[in-house]
Amino acid sequence: VQLQASGGGLVQAGASLRLSCAASGRTFSNSAMGWFRQAPGKEREFVAAISWSGGLTYYSDSVKGRFTISRDKAKNTVYLQMNSLKPEDTAVYYCAADSRRKTTYVGSYYYTRNMYHYWGQGTLVTVSS
């Protein structure tokens, strides 16, 4: 099983980027998926998550209103559209997937790293001021 994150890069403040996370080895179309990020010298933190159905989405307060998570089940891929980027968004972004299928959890469940069993290798996003 592999999660391949891509789409990172160097942009100026105010720009947009779209990250992709393509899964291979098994289907995650019925599993929750999420994005986390880790800035230099800091802990890995939750960014966004989407339920297995796509009907629930969650965001950290720092990205709410600027980032949008979505998924394409047919492509076994999850996306993170990032708008109005800020220098403090600079980090390595990791996608993650729950190994369980059709879970009915809500809320803080999605924010915890332990909920996710598969992790991508990360893609670097650098936002210059």
Q.
Does K75 have more than 12 heavy atoms from other residues, nucleotides or ligands lying within 6.0 Å of its NZ?
A. no
Q: Would you please test T90 and V125 for side-chain contact (heavy atoms from CB on, under 4.5 Å) and show each step?
A: CA-CA 5 Å; T90 295; V125 173; 5.9 Å; no
Q: Would you check if R37 and D89 make a side-chain contact, meaning some heavy-atom pair closer than 4.5 Å?
A: yes
Q: Mark yes or no for whether T123, through its side chain, and G8, through its backbone, hold a donor-acceptor pair below 3.5 Å.
A: yes
Q.
So which atom in R66 and which in S84 form the shortest heavy-atom distance, rounded to 0.1 Å?
A. NH1-O, 2.9 Å
Q: Find out if a path of hydrophobic residues (ILVMFWY) with successive side-chain heavy-atom gaps under 4.5 Å connects W52 to I50.
A: no
**Q.** Member of L85, N83, L19 meeting the side-chain contact (heavy atoms from CB on, under 4.5 Å) criterion with F67
**A.** L85
Q | Distance-minimising heavy-atom pair for A32 and M115 | A | CB-CE, 3.4 Å
Q) So, for S129 and A13, which heavy atoms are closest and what is the spacing to 0.1 Å? A) CA-CB, 4.4 Å
Q) If we ignore angles and hydrogens, is there a donor and acceptor under 3.5 Å between the side chains of D98 and Y109? A) yes
Q: On the 0 to 90° scale, with breaks at 30° and 60°, tag the F46-F36 ring pair as parallel, tilted or perpendicular.
A: perpendicular
(Q) Please determine whether side chain to side chain donor-acceptor pair (under 3.5 Å) holds for the pair R26 and S31, giving the CA-CA distance in whole Å, both sets of side-chain angles, and the decisive distance to 0.1 Å. (A) CA-CA 11 Å; R26 60 158 279 187; S31 298; 3.3 Å; yes
Q) What heavy-atom pair brings L56 and Y58 nearest, and what distance separates the two atoms? A) CD1-OH, 3.7 Å
Q) Is H117 close to R100 at the side-chain level, that is, under 4.5 Å between some pair of heavy atoms? A) yes
Q) Using the ring of each side chain (for Trp, its six-membered ring), is W119 parallel, tilted or perpendicular to Y116, with breaks at 30° and 60°? A) perpendicular
(Q) Within the 4.5 Å heavy-atom criterion, are Y111 and S60 side-chain neighbours or not? (A) no
Q) Is any side-chain N of the basic residue among K64 and D61 closer than 4.0 Å to the acidic one's carboxylate O? A) yes
Q. With no hydrogens and no angle check, is any side-chain donor or acceptor of Q121 less than 3.5 Å from a backbone partner on A5?
A. yes
Q.
Do R71 and S53 pair up side chain to side chain, a donor and an acceptor below 3.5 Å, judged on atom types alone?
A. no
(Q) Testing the 3.5 Å rule here: is there a donor-acceptor pair between the side chains of T77 and D72? (A) no
Q: Keeping the roles fixed (side chain from T27, backbone from S29), state whether a donor-acceptor pair exists under 3.5 Å.
A: yes
Q. Would a 4.5 Å heavy-atom cut-off, applied to side chains only, mark M82 and R18 as touching?
A. no
Q.
Less than 4.5 Å apart, side chain to side chain, heavy atoms only: is that true for Q4 and S24?
A. no
Q) Linking I/L/V/M/F/W/Y whenever any side-chain heavy atoms sit under 4.5 Å apart, do Y93 and L17 land together? A) yes
Q.
With side-chain contact (heavy atoms from CB on, under 4.5 Å) as the test, pick out the partner of C95 among W35, Y79, Y118.
A. W35
Q: Might you point out which heavy atoms bring L3 and A97 nearest each other, and give the distance in Å?
A: CD1-N, 3.9 Å
(Q) Do V78 and V47 land in one hydrophobic cluster if side-chain heavy atoms of ILVMFWY residues count as linked below 4.5 Å? (A) yes
Q | Heavy-atom closest contact (A23 atom, F28 atom, distance) | A | CB-CD1, 3.4 Å
